[in-house]
Each structure stands twice: as structure tokens, then as C-alpha cells.
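Only one structure is covered here, and it is reproduced in the block below.
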Amino acid sequence: MNLNAAELTDLEHIACTIAVEAGRLVVDERPDGLGVARTKSTDTDIVTVMDQRSEELLRRRLAELRPADGLLGEEGAAHDSRSGITWVVDPIDGTVNYLYQLPTYAVSVAACVGDVSVPGEWHPVAAAVYNPTSTELFHAHAGGGSFLRSHGREQRLSVSTRSDLAQSLVGTGFGYDPQHRRVQARVLAGLLPLVRDIRRAGSAALDLCSVAAGRLDAYYESGLHPWDLAGGQLVVTEAGGVVRGRQGAPPDEDLVVAGPTTLVHDLHGLITR
Ligand code: LIP
């Protein structure tokens with residue numbers, strides 16, 4: 001599907017607009033004594049009422065603005081596309097941080113082309129990732145570069161120029177399943193002596209945006225869903241980075257490695273070894 005710069009810019013503007021609207025909702029209308037509305041894959045994989053309200057806002061606004069487009073949301077909003085574009089949204093990425101009032105969570109909104117139900121058969125073409133606590137808005141469209149909008153200023157983003165993994169600050173995250181976490185802990189134990197340090201912020205979307213901004217030199221995680229990945233993936237690639245899966249495949253639930261090409265290659269080698 002070929003979209004021109006004007007169409008891509010319009011999609012990016014829509015992503016920014018509704019990501020900020022949803023972000024403001026989850027901050028301004030957070031109820032006192034917020035609890036867990038339900039759990040998903042495990043009893044620590046939680047959903048709050050604000051995840052649900054944020055996704056409903058995104059669904060409603062996209063129905064108004066882009067009625068022919070498809071939708072895939074973390075909390076279940078989904079319908080097929082009649083336009084060839086599907087919006088992949090995470091209403092609160094970093095839900096545990098949100099529950100605990102740790103300021104590292106984001107609304108991620110990405111317009112994608114291809115079949116989002118098949119790993120590797122889709123890619124984002126416009127995206128916004130908004131942290132409503134810092135009011136930092138990361139955004140990009142294919143071929144347009146990546147930008148951070150903060151306090152009224154637009155800053156063009158570029159990934160780290162570091163090429164030495166031993167001097168690199170590497171982000172990662174962990175799944176909710178105990179057995180998966182045991183494997184992730186073993187990978188982490190092998191990596192820790194070989195890098196500058198590790199950071200685990202709790203939001204894949206913001207981790208990927210930190211890579212785009214050079215705040216992390218690289219990032220890896222296994223277990224990500226399309227909604228965790230889509231927005232930040234485009235922000236990284238439009239900042240000159242690469243986002244890959246295992247053995248150079250497209251990023252998927254099995255593995256995501258992001259950063260400058262050299263670091264991604266070396267980090268992938270250590271992780272898969
Ligand atoms: C989170 C991811 C994060 C991962 C967490 C969790 P959620 O997404 O963004 O990278 O390490 O375990 O999966 O569940 O907050 O939308």
C-alpha cells in the first residue's frame with residue numbers, strides 16, 4: 001500500500017492527537033483507590049478500568065476520524081480494515097507502573113499496513129507514543145524522521161552512535177509468566193557482566209523511544225505483543241535504528257532487539273547464544 005507524505009503526515013497527526021487525549025484521560029480521571037479490574041495471562045498481568053476507558057476513547061475517536069480503518073487494541077477492541085490500514089494501540093503501556101503511580105507509562109498509537117494478525121506481515125507507517133506524566137510525545141511517520149515534542153519544542157531524534165556493547169546501556173523487560181521469567185533471568189545473568197548496565201523501565205513503548213532518543217544504547221525483550229511494539233518500533237527506525245527479531249527476522253513475540261545496527265547484531269549474538 002503506497003501512502004504519500006501528506007497522507008502519512010495526516011495519520012501521524014491523528015496518532016499524536018488521540019494519544020495525547022487518552023494520556024490526559026488516564027491522568028486527569030484516575031479514580032482514588034484505583035484497583036485491578038481484571039487479570040489476563042497471569043494474576044500479575046493486570047488491567048485497570050483506565051486501560052479500558054483509554055482504549056474506548058481511542059476506539060471511539062478512530063471510528064470518528066478513520067471509519068474505514070481496522071483496529072487492534074490490547075484490551076480487546078478489534079475490527080477488520082476496509083482501507084488497508086489498521087491501528088494498533090496500547091491504551092496504557094506500563095500498566096503496573098500506572099497502578100503503582102510510577103511515572104513510566106505511555107499511550108501507544110500506530111497506523112500499520114499489512115496483516116497485523118500475522119507476525120512479520122505488517123509494519124507501522126505512522127505512530128505516536130505519549131507519556132502523560134512527562135508530557136513527552138514521541139512521533140514519526142515512514143520517511144519523515146522521528147521527533148520528540150516536549151514543552152512546545154520539537155527535537156529530531158537519533159539513535160546512539162555507540163558500537164561497543166561493553167560500554168552500552170541496555171534496556172529490557174520481563175514477561176508475566178514465571179517460567180518465561182526464569183529463562184529471561186538466565187539471559188540477563190549472561191548479559192550483565194558484558195554491558196555497561198541494564199535498565200528495566202516497565203514500558204516497551206517508552207524503552208523503544210528511549211533507544212530512538214539515545215537515552216538507551218539498545219533494548220531487547222521477548223514476549224512483546226504488537227501493541228507493545230508497533231509505535232516504538234517506527235520511532236526507532238525513523239531515528240536511524242533497526243528493530244529485528246531472531247536471526248534477522250521481523251520483530252515478534254519471540255524476540256525484539258532494537259538500536260544501532262552494530263549493537264543490535266552483537267546483542268542478538270549474545271542473547272541467542
Ligand atoms: C508491559 C511491556 C513491558 C514488559 C511488561 C509489560 P503492559 O506491557 O511494555 O516491556 O516488560 O512486562 O508487558 O502489560 O504494561 O501493557
Side-chain angles (χ1 to χ4, degrees), residues 19 22-23 26-27 30 34-56 58 72-78 88-110 124 127-134 136 138 169-185 187-188 191 198-212 215-216 218-236 243 245 251-259 267 271:
V26 302
V27 169
R30 178 195 179 100
L34 179 72
V36 175
R38 67 182 182 90
T39 60
K40 296 186 287 188
S41 62
T42 68
D43 61 8
T44 54
D45 185 1
I46 61 164
V47 182
T48 72
V49 65
M50 297 312 294
D51 294 84
Q52 296 166 331
R53 289 191 59 195
S54 173
E55 186 160 295
E56 174 52 25
L58 295 170
L72 174 64
E74 177 175 16
E75 307 314 341
V88 179
V89 303
D90 194 331
I92 303 177
D93 186 58
T95 297
V96 173
N97 286 346
Y98 177 71
L99 180 69
Y100 280 76
Q101 300 192 63
L102 291 168
T104 310
Y105 53 88
V107 177
S108 180
V109 178
V129 177
Y130 181 60
N131 179 340
T133 61
S134 67
E136 291 181 320
F138 300 88
L169 189 62
V170 177
T172 192
F174 310 118
Y176 294 109
D177 172 70
Q179 182 48 39
H180 189 196
R181 293 168 73 85
R182 287 190 186 92
V183 174
Q184 291 174 318
V187 172
L188 179 63
L191 273 178
I198 292 285
R199 292 291 183 271
R200 195 279 199 260
S203 165
L206 289 179
D207 285 334
L208 288 161
C209 290
S210 289
V211 168
R215 298 174 180 174
L216 287 173
Y219 163 77
Y220 76 95
E221 187 161 352
S222 66
L224 295 186
H225 298 290
W227 44 78
D228 300 311
L229 173 63
Q233 174 181 338
L234 186 66
V235 175
V236 170
V243 183
D252 60 12
E253 194 164 348
D254 173 36
L255 184 62
V256 174
V257 189
L267 186 55
I271 292 166

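What you are looking at is a predicted structure, and each value in this text was computed from that prediction instead of being measured. All residue numbers refer to positions in the sequence shown, counting from 1. One-based numbering, in listed order, for ligands and for the atoms of each.
Side-chain contact of D93 with S203: a donor-acceptor pair under 3.5 Å is present, judged by distance alone. D51 and T95 are linked by a side-chain donor-acceptor pair at a separation below 3.5 angstrom, with hydrogens and angles left out of the test. Between R181 and Q184, the side chains place no donor N or O within less than 3.5 Å of an acceptor N or O (distance only, hydrogens not considered).
Scanning for salt bridge (Lys or Arg N to Asp or Glu O under 4.0 Å) contacts around R38 gives E75, with sequence neighbours left out.
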Which protein N or O atoms sit under 3.5 Å from any N or O of ligand 1? Give each pair with its distance.
unit_1, atom_1, unit_2, atom_2, d
ligand 1, 8 (O), D93, OD1, 3.2
ligand 1, 8 (O), D228, OD1, 3.4
ligand 1, 9 (O), D93, OD1, 2.7
ligand 1, 9 (O), D93, OD2, 3.1
ligand 1, 9 (O), A204, N, 2.7
ligand 1, 10 (O), A204, N, 3.1
ligand 1, 10 (O), E221, OE1, 2.9
ligand 1, 10 (O), E221, OE2, 3.4
ligand 1, 11 (O), F174, N, 3.2
ligand 1, 11 (O), F174, O, 3.3
ligand 1, 11 (O), R200, NH1, 2.8
ligand 1, 11 (O), R200, NH2, 3.2
ligand 1, 11 (O), E221, OE2, 2.7
ligand 1, 12 (O), F174, O, 2.6
ligand 1, 12 (O), R200, NH2, 3.4
ligand 1, 14 (O), Y176, OH, 2.7
ligand 1, 15 (O), G94, N, 2.7
ligand 1, 15 (O), T95, N, 2.8
ligand 1, 16 (O), E74, OE1, 3.2
ligand 1, 16 (O), E74, OE2, 3.3
ligand 1, 16 (O), D90, OD2, 3.4
ligand 1, 16 (O), D93, OD1, 3.4

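Counting all heavy atoms, side chain and backbone alike, V129 lies closest to G231 at CG2-C, 3.9 Å. Counting all heavy atoms, side chain and backbone alike, L208 lies closest to Q233 at CD1-N, 3.9 Å.
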